[in-house]
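Report on one structure; see the data block that follows.
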Amino acid sequence: MNLIRVPSSQLTRRKFLQVSGISSMGYLLSSCGTPLFSDVASNLSEPLNEKVETLIFNPQKPVPEFSKSDIKPEELLVNSFQGTPIIDQAKFRLIVDGDVNKPLNLSMADIQALPLTSMIIRHVCVEGWAAIVQWGGIRLRELIALAQPKTNVKFAYFKSADGYYESWDIDSVLHPQTLLAYQKNGEPLPSENGAPLRLASPIKLGYKQSKWVTKVTLISDLPAMKGFWEDQGYEWYGGL
């Protein structure tokens, strides 16, 4: 096995995932920004990571949440792919298509008429910071149910207004705490945080949680372009 030696002082979480592709699950058990390993195996395969994380992941088990007193708004930093897109929410439409029996084309009024779910969870960024945030929106699994997915669906592919793209396994999509959020800390979601809709979930790293989501496509096979950061070497599963 060939090993790449990386000085621990230089091994940020983002660099760790780029170099190794190793699951972030054990890595994130350490304190924020502190690496667990100085030797990183470079030839471990991503399919193996996905299988291991899938075995560990319980798609129905809720993640413990926090109280309002734990929220520190200033700790949620703003990361953007290429700036904040300008979106007219009055004209905004969310498309849900792909391997479904009933494709959806929804306005924000349509979405906000569906049951609101609120949760206070920790948002973890691969760059080494974390923030406790209250997100409010619709459970993604309730939206998926409206589209009547076909039995062959294994993944969801997300497109955003800024050109960002991402994909998730369907079990994570259907987790009860995976939201398409339009509120942050009890207020309308700000543009810089992904308004009108963004992914929010305690089971995925921040780069998996797309902002400015405009389209959800249910598919049976992953495309060649799996995710913006994943296509540059980051781990695809991105689970916590």
Side-chain angles (χ1 to χ4, degrees), residues 17 21-25 28 45-63 65 93-106 110-111 114-117 119 121 123-124 126 135-160 164-182 194 197-231 234-240:
L17 292 179
I22 293 176
S23 164
S24 61
M25 297 182 68
L28 291 169
S45 67
E46 186 173 286
L48 177 59
N49 292 332
E50 180 185 341
K51 289 178 181 178
V52 171
E53 293 196 36
T54 301
L55 286 173
I56 296 173
F57 175 58
N58 184 335
Q60 299 302 317
K61 184 178 180 180
V63 174
E65 299 183 16
R93 311 294 294 190
L94 175 70
I95 304 299
V96 182
D97 64 4
D99 293 335
V100 299
N101 294 309
K102 188 179 179 182
L104 304 178
N105 186 326
L106 304 174
D110 295 329
I111 293 166
L114 297 170
L116 171 68
T117 296
M119 62 185 185
I121 57 169
H123 177 94
V124 179
V126 71
W135 301 110
I138 178 175
R139 285 190 176 96
L140 191 48
R141 67 178 183 179
E142 294 176 1
L143 193 66
I144 299 300
L146 292 176
Q148 299 177 12
K150 297 180 180 178
T151 56
N152 62 317
V153 169
K154 295 180 180 178
F155 308 97
Y157 195 79
F158 302 95
K159 291 186 178 180
S160 298
Y164 198 79
Y165 57 98
E166 186 55 82
S167 58
W168 286 35
D169 62 291
I170 195 63
D171 284 340
S172 295
V173 168
L174 300 180
H175 187 275
Q177 290 166 296
T178 296
L179 305 183
L180 271 178
Y182 53 81
L197 288 173
R198 63 161 296 147
L199 287 168
S201 180
I203 61 171
K204 294 291 187 185
L205 284 164
Y207 67 87
K208 300 295 291 185
Q209 299 183 41
S210 301
K211 294 182 281 190
W212 309 294
V213 175
T214 59
K215 191 174 185 179
V216 182
T217 301
L218 301 182
I219 51 179
S220 58
D221 297 293
L222 280 175
M225 298 175 66
K226 296 188 292 184
F228 176 79
W229 288 113
E230 292 89 331
D231 292 343
Y234 295 9
E235 185 204 17
W236 173 74
Y237 197 83
L240 290 171

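Values in this document were obtained by computation on a predicted structure and should not be read as measured data. Values below: every heavy atom of this structure, side chains too, minus hydrogens, waters and symmetry copies.
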Determine whether I95 and V216 satisfy the following criterion, side-chain contact (heavy atoms from CB on, under 4.5 Å), listing intermediate values before the conclusion. CA-CA 6 Å; I95 304 299; V216 182; over 6 Å; no

Heavy-atom side-chain contact between T178 and R139 under 4.5 Å: no

Side chains of E65 and Q177 only: does a donor on one sit below 3.5 Å from an acceptor on the other? yes

With Y165 via ring pair (Phe, Tyr, Trp, His ring centres under 6.0 Å) - residues at least two apart: none

Please test V173 against I144 for side-chain contact (heavy atoms from CB on, under 4.5 Å), starting from the C-alpha separation and ending with a verdict. CA-CA 9 Å; V173 168; I144 299 300; 4.1 Å; yes

Would you check if Q209 and R198 make a side-chain contact, meaning some heavy-atom pair closer than 4.5 Å? yes

Are any of the side-chain heavy atoms of L222 and E230 separated by less than 4.5 Å? no

Contact between Y237 and K204 at the side-chain level, heavy atoms closer than 4.5 Å - yes or no? yes

Heavy atoms of G137 and Y182 approach each other most closely as CA-CE2, 3.6 Å

How long is the gap from CZ on F155 to CG on D99, to the nearest 0.5 Å? 11.5 Å

By side chain to side chain donor-acceptor pair (under 3.5 Å), which residues pair with K211, not counting sequence neighbours? none

Any L180 side-chain heavy atom under 4.5 Å of L143 side chain: yes

Could you tell me whether the side chain of K159 reaches within less than 4.5 Å of the side chain of W212, counting heavy atoms only? no

Give, for atom OG of S201 and atom CG of L140, the distance between the pair rounded to the nearest 0.5 Å. 9.5 Å

If I take atom NZ from residue K150 and atom CG from residue N101, how far apart are they, to the nearest 0.5 angstrom? 5.5 Å

Hey, are the side chains of T117 and I138 touching, using non-hydrogen atoms and a 4.5 Å cut-off? no

dist L94:CG -> T214:OG1 (nearest 0.5 Å) comes out at 7.5 Å

Kindly indicate whether the side chain of Y164, heavy atoms from C-beta on, has any atom under 4.5 Å from the side chain of V213. no

Between L114 and E142, is a side-chain contact (heavy atoms from CB on, under 4.5 Å) present by the stated rule, with each step listed? CA-CA 9 Å; L114 297 170; E142 294 176 1; 5.7 Å; no

Is a side-chain donor-acceptor pair under 3.5 Å present for S167 with W236? yes

Contacts of Q148 that satisfy side chain to side chain donor-acceptor pair (under 3.5 Å) - sequence neighbours left out: none

Which atom of D231 lies closest to which atom of M225, heavy atoms considered: OD2-CA, 3.2 Å

Would you give the length of the straight line joining atom CG of D97 to atom NZ of K215, rounded to the nearest 0.5 angstrom? 4.5 Å

Restricting to non-hydrogen atoms, name the atom on Y207 and the atom on G238 that form the minimum distance, rounded to 0.1 Å. OH-CA, 3.8 Å

How far does CG of L146 sit from CG of L106, to the nearest 0.5 angstrom? 7.5 Å

